[in-house]
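First up is the structure itself, then whatever we jot down about it.
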2 protein chains.
Amino acid sequence: MGKVRENLAECSLPAALESMGERWAFLILRAAFNGLHHFEEFQQELGIARNILANRLARFVEHGIMERASVPEDRRKIVYNLTPKGSALLPTMVALRQWGERWETGEPAFPILVDVRDGRPIQEIAVLSHDGRKLTKHDMHWALPGDVPAEADAG
Amino acid sequence: MGKVRENLAECSLPAALESMGERWAFLILRAAFNGLHHFEEFQQELGIARNILANRLARFVEHGIMERASVPEDRRKIVYNLTPKGSALLPTMVALRQWGERWETGEPAFPILVDVRDGRPIQEIAVLSHDGRKLTKHDMHWALPGDVPAEADAG
DNA sequence: TTTGCGAGTTTCATTACAAAACTTATATGG
DNA sequence: CCATATAAGTTTTGTAATGAAACTCGCAAA
């Protein structure tokens, strides 16, 4: 991954950080992935200040990461559900968590994520080539669209 | 991924966010992956305030994400290099970038990451089962160490 | 020996975050 | 029907983080 000065600005990372770059964002997301749906649940689970939580949830809704709906049986209650866009953050969150496990807290973390089908732990998240080789930063570089051999995939 | 209230607190995500949860962290990291090494390079590339940049770089060094060294040929110059721990954030960063591409900016992002070996774009980052199936949040759940069938991997 | 660069600090203004109290709409029990 | 409780927020007020611009300090080059 050599030095590429050409339009780094157009990278989509800043756009992603617009939604996810604020404090608490990932922790609220994790709680949502763990099945929490209600304001008070998030608040008690995370210990976050109520105004900030309200703020973040509203932001998530604005950005299409969560959907807000009131429950018919009890109209005081509001449910927050992850949208497909929100659910699509799962790999990012798992990657960040795994990194923390490996480099911050040290190996064994509880609970661990397992495949529901066979109960075995998930793989470590990695950058893979089109044919499945694990890539490090030295094995890849930036390219402009014209340089790429036809079949497009993720970039 | 059902509701698991049992010790979410021990999840390593908060630890990871301790290093990476601050504003600019991922953008500085991206710049580093792109071969930037010097204070002024980061500053000009990102337009970040100098005091904040100094702060973040110092934090990265504290947390072992970057190494700080002065250049022998010109002892005014300082290089910041990613450590293995810092480089290990690549999958997380790529995952976040890909999410931004897909859901924020819309498909075509420039430049794109390609495999240096064949010039083809990298795969989309995903959560995979031990045998390589792509998993969604419905295909996995939390387990405690005792529940796991022997061969340990990442969790 | 002065001019300039690289890598930061300092100062001060602005903005984000946080704790606790308050509000509003709805439910529930007597 | 009235009192009390609950869910989901707002308001208020204080603290901490961020940002722009100017300043410092060590080295290097002319």
Side-chain angles (χ1 to χ4, degrees), chain A residues 3 5 9 13-14 16-32 34-63 65-82 86, chain B residues 3 5 9 13-14 16-32 35-63 65-82:
Chain A
K3 188 177 297 198
R5 306 305 301 272
L13 194 58
L17 289 169
E18 171 85 20
S19 311
M20 297 304 300
E22 305 204 69
R23 224 172 307 188
W24 291 107
F26 274 103
L27 293 176
I28 294 171
L29 194 73
R30 176 193 60 171
N34 280 304
L36 303 199
H37 294 288
H38 300 287
F39 189 94
E40 302 293 333
E41 287 180 325
F42 289 113
Q43 205 281 318
Q44 282 163 43
E45 174 69 35
L46 302 175
I48 182 176
R50 304 175 67 79
N51 53 349
I52 303 300
L53 177 57
N55 206 296
R56 291 296 169 279
L57 288 173
R59 237 176 123 68
F60 277 169
V61 171
E62 261 179 50
H63 285 251
I65 289 169
M66 285 187 170
E67 263 168 1
R68 191 193 122 112
S70 59
V71 178
E73 308 89 64
D74 185 344
R75 285 153 42 93
R76 289 173 308 182
K77 289 192 181 173
I78 302 289
V79 280
Y80 291 94
N81 279 303
L82 289 168
Chain B
K3 190 177 298 199
R5 307 304 300 275
L13 194 59
L17 289 169
E18 171 85 20
S19 309
M20 296 305 300
E22 305 204 70
R23 222 173 307 190
W24 292 108
F26 274 103
L27 293 175
I28 294 170
L29 194 72
R30 177 193 60 171
L36 303 200
H37 295 287
H38 299 287
F39 188 94
E40 303 292 334
E41 288 180 324
F42 289 113
Q43 205 281 318
Q44 282 161 43
E45 174 70 35
L46 301 175
I48 181 175
R50 305 176 67 81
N51 53 347
I52 303 301
L53 177 57
N55 207 296
R56 291 295 170 279
L57 288 173
R59 237 175 123 69
F60 277 168
V61 171
E62 262 179 50
H63 286 252
I65 289 169
M66 285 188 169
E67 264 169 1
R68 191 193 121 111
S70 59
V71 177
E73 307 89 66
D74 183 345
R75 283 153 42 94
R76 289 172 308 180
K77 290 193 183 175
I78 303 288
V79 281
Y80 290 96
N81 280 302
L82 289 168

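Convention: sequence-line order gives letters A, B, ...; per-chain numbering from 1. All of these numbers come straight from a predicted model, not from anything done at the bench.
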- Take A:His38 and B:Glu22, find for each the nucleotide of DNA chain D with the closest heavy atom, and name the residue whose nucleotide sits nearer the 5' end. A:His38
- Item | Heavy-atom side-chain contact between B:Ile65 and B:Leu29 under 4.5 Å | yes
- Task: Decide, yes or no, whether a salt bridge links B:Glu22 with B:Arg59 under the criterion of side-chain N to carboxylate O below 4.0 Å.
- Result: yes
- Look at the side chain of B:His37 and the backbone N and O of B:Ala32, then say whether any donor-acceptor pair between them is shorter than 3.5 Å. no
- Per the atom types in the model, does the base of D:dA8 pair as donor or acceptor with the side chain of A:Arg50 at under 3.5 Å? yes
- Message: Looking only at the side chain of A:Asn51 (C-beta and beyond, no hydrogens), which of the listed nucleotides D:dA8, C:dA19, C:dG8 gets closest?
- Response: C:dA19
- Task: Rounded off to whole Å, could you give me the NZ-to-C1' distance for the A:Lys77 and D:dG9 pair?
- Result: 16 Å
- May I ask you to verify if any side-chain N or O of A:Arg56 is less than 4.0 angstrom from the OP1 or OP2 atom of C:dC17? yes
- Task: Identify whether the distance between the nearest side-chain nitrogen and carboxylate oxygen of B:Arg50 and B:Glu40 falls below 4.0 Å.
- Result: yes
- What's the closest nucleotide to the B:Arg76 side chain, out of D:dG19, C:dC5, D:dT10? C:dC5
- Message: Given C:dC17, C:dA7, D:dA8, identify the nucleotide with an atom nearest to the side chain of A:Arg23.
- Response: C:dC17
- Task: Please state how far atom CD1 in A:Ile52 lies from atom C1' in D:dT10, giving the value in whole angstrom units.
- Result: 12 Å
- Message: By the 4.0 Å heavy-atom rule, please label B:Asp74 as base, sugar-phosphate, or nothing.
- Response: sugar-phosphate
- Query: In whole angstrom, what separates B:Ile78's CD1 from D:dA28's P?
  - Reply: 11 Å
- Item | Atom pair distance, as rounded to whole Å: CD in A:Glu40 and P in D:dG9 | 9 Å
- Does a side-chain N or O from A:Arg75 land closer than 4.0 Å to OP1 or OP2 of C:dT26, or not? yes
- So, B:Arg68 and B:Glu62, do they make that salt bridge, N to O below 4.0 Å? no
- Spacing between B:Glu41 atom CD and C:dG8 atom C1', to the nearest angstrom: 16 Å
- Query: Can you tell me if the side-chain N/O atoms of B:Trp24 get under 4.0 Å from OP1 or OP2 in D:dG19?
  - Reply: yes
- Query: Would you say a side-chain N or O of B:Tyr80 is under 4.0 Å from OP1 or OP2 of C:dG6?
  - Reply: no
- Whole angstrom value for the distance that separates P of D:dG9 from CZ of A:Phe42: 11 Å
- Message: From CD of B:Gln43 over to P of D:dG19, roughly how many Å is that when rounded to an integer?
- Response: 12 Å
- Note on the structure: Separation of C:dG6 atom P from B:Leu36 atom CG, nearest Å, is 14 Å
